[in-house]
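In what follows, a structure is listed as structure tokens, so that the remarks can point back to it.
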Amino acid sequence: MTHKMIGQRKKHSTLWLFALFIWQVHKPWLMAAPADGTLTNAADVLALSAKAAANNLPISVNGIVTAVETNWNGKFFVQDASGGIFVNNGNHPPPLLGDLVKVTGVSQPGGYAPVISKPHWEKIGTAPLPKAKPVSIERLMSGTEDSQRVEISGIVRTAQVIDDQIGIELVSGGYRLRAFFPIPPKIDPQSLVGAKVLVRGTAAAAFNAPLRHIVTVTMFVPQLTDFIIKAPAPADPFKEPLTSLDGIAQYRKDWLPGDQVHVKGVVTYQRKGQDLFLKDDTGGLEVKSQLTIPVVPGEVIEAVGFPAVENFLPVLEDAVFRKTTEPRTNLEPKTTTVANIQKGKHHADFITLRGRLIDRLVRGIGQSDDGSGIQTTLVLQATNFIFVAEKDTSEQNSFLTAIPIGSLVEASGICLLESGDDGKIKSFRLLLPTSHDVHVIEEPSWLTPQHLLASLAAVFVVLLVAIGWTVMVAKKNSMLKSLVCEKEEAQTELQKAHDQLEERVKERTTQLKVEMTARKESELQFRAGLTERTRLAQELHDTLEQTMTGIALQLDVVANQFEKNPGNASHHLKLARGLMRQSQVDLRRSVWGLRSRAEEQFNLTNALLTSGRQITGDTGIHIEFETVGETNPLSEIIEENLLRIGQEATTNVVKHSGATLVKVELHFSPQRVVLQIRDDGKGFNPEACVGPKDGHFGLLGIRERTERLGGQVTITSSPGGGTSIQVEIPIPPSNGHQPLQPAVEEHEERV
């Protein structure tokens, strides 16, 4: 078969050179990059990131179909001069192996590497498969050569027929991968196990799609010429010399990597489809085999497999076995100690060991090939070392779970060591062939943890009864204290909330007072202005206009009688002059009412004196003015309101009192200013005096002005006893107003 393959390989090389010639001739046409940004070779597509490939970029690739199978639902691999790529052809008919095709489609990220999606392919011709590129096993298993046609060497570990192909597992450089190739005629797949082979094919990554992580690599070998046996396996490995079970990891000068080892031993335990354990006079060994042939403990079998080291301990991998004709033996476990096990002895051997049961675990492990799905683990302690004994069963293990905690037991099972890279044993466990391989040597003493807990519980109950009343009283006291504390806290919180509410109400009240005062001040100012305008109009009508009319009449009489009766004309001229002087006084009084404050030359004392004299002018009422205390600077609003109050009070004296003397006193102190107007008139009863209902607003205006300034007004009067009005206004501490000090005479001259 080897010579035939060599001939086919030469023929294949000739065809490949011919195809390369065709490729070079048509290369300008095949590799010409369109101007619209279409990707024209596999390397450009594979260079895309997953994000970029998801943009459905246009692709047009010309290449040779390197792998296609009937059960791939139309999918295939194609390779051009730059590399290979996977074509997700959906469920459409695929091309044939070796077809030279033109594939158009769009890019997609794929599950691991970018692929061509939504393809449309057109056959251009046929050509030999591209030459496989030799690669290292490390590069191949990294996934870099995904979709590429590569060449790799290895040793066949397993071989079996899968559908219309042979599937083998190769080991190369410590890595393991699978390869599929057509079934050769008249060949037993098991004869390939142990052979050193060279395979050429398309590498396909197996991956975790959600994470886009590579798991392993599978090679698809499309033709028998790409599967070359470099060194055949032994014709019958069972005829090879036997090796003792403890000798597979020992030094052997003539041993080569990949050689199979032939061993024989007594079966101690089997996990079908997974492994079995053998023992001989030298020790025990774990034999990993996928065979499901049932064997019984005590039977003698032969096994052929590949020696390996797992967790720093020897194991026989990918083994096949067969029963011998030797009679079945009675198994007797070896009695040993923890000290011997810590030296590395008895790995995979059938042993017996005593220990104290300190705990027990039961957990589900899923359904296995032998039907077991529940694992019962006994945690044992021997001297100062803790180990476990495990048994897998299909149902709850009532025998093992019934062993009391604290019992001294003897367990017989397969010892599996766990070693470090320094050769020291870190831990070990026993695989129990049957549940009855555990024997209770000594029941736990009465003072077990359970009994101790029960005793403590009884003592605790007695103590509870003894101190029950005390606890109850303490609890009630605690509850009362808690309630008192809660009430105190609630009261404190309520008081705090009340204080905050009161403070907010006070602040809001002050704010509202200020706003209301400002609004009233504005309204009063508006009303005062309106009233003043009305008063001025009426005053001008009743005084100045009438006087001017009288002057005009007198002057007309003078004009008519000046020549006829000069004496009479002179009398009327004197009357006109008197009327002129009266109009001058009336006009001056009106102007003073309009200008209560002379700009930059105002003095409250002079203003009160001047306005008082003008109001009492020709009434025959004598006015006296007195200032007490050091004159303090007052704000304009205080001065304005005090002036208006003084004018209103003096006017009331003139109109209603019939007095002959008015005394005005102005008292200054650091905190307040007091204005007092007294007369010797006829007085009145303050409780029965006329007011706003009768159209008299004088006293009401005085009170309102005083209240707006935060002051107090006191009106004292009695029939026949005169009248006294006292207004007391507080002075704000921050008042920095500097009143003006004009002279009364100067003011009168201006008027």
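Hydrogens, waters and symmetry mates play no part in the numbers below; they use all other heavy atoms, side chains included.
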### Side-chain ion pair, E302 and K264, N-O less than 4.0 Å
no
### Message
With a 3.5 Å distance limit and no angle check, can you tell me whether E299 reaches the backbone of V296 through a side-chain donor-acceptor pair?
### Response
yes
### Query
So, the side chain of R157 versus the backbone of G305: is there a donor-acceptor pair under 3.5 Å, distance only?
no
### Query
In terms of the angle between their ring planes, are W121 and F76 parallel, tilted or perpendicular, with boundaries placed at 30° and 60°?
perpendicular
### Query
What are the two closest non-hydrogen atoms of L48 and S107, and how far apart are they?
CD1-CB, 4.0 Å
### Query
Does the N41 side chain pair with the main chain of A43, one donor and one acceptor, at a distance under 3.5 Å?
yes
### Query
So F238 and H262, would you call those rings parallel, tilted or perpendicular, with 30° and 60° as cut-offs?
perpendicular
### Query
Is it true that the side chains of E418 and S427 contain a donor and an acceptor less than 3.5 Å apart?
yes
### Task
Take the angle between the ring planes of W72 and F77 and call it parallel below 30°, perpendicular above 60°, tilted in between.
perpendicular
### Query
Should the ring pair F207 and Y112 be called parallel, tilted or perpendicular, given that the plane angle runs from 0 to 90° and is split at 30 and 60?
parallel
### Query
Any donor-acceptor pair under 3.5 Å linking the side chain of R200 with the backbone of A132?
no
### Query
Does the D188 side chain pair with the main chain of Q190, one donor and one acceptor, at a distance under 3.5 Å?
yes
### Expected output: side-chain S419 to main-chain F312 donor-acceptor under 3.5 Å
no
### Message
Looking at Q290, I'd like to know if its CD atom is crowded, meaning that more than 12 non-hydrogen atoms belonging to other residues, nucleotides or ligands lie closer than 6.0 Å.
### Response
no
### Test item: Q148 side-chain N/O and D146 main-chain N/O as donor-acceptor pair under 3.5 Å
yes
### Query
Any sub-3.5 Å donor-acceptor pair from Q79's side-chain atoms to R149's backbone N or O?
yes
### Query
Within a radius of less than 6.0 Å around CG of D422, do more than 12 heavy atoms belonging to other residues, nucleotides or ligands occur?
yes
### Query
Between R176 and D318, is the closest basic N to carboxylate O distance under 4.0 Å?
yes
### Query
More than 12 foreign heavy atoms under 6.0 Å from NZ of K424: is that the case here?
no
### Query
Short question: side chain of T216, backbone of L177 - any donor-acceptor pair under 3.5 Å?
no
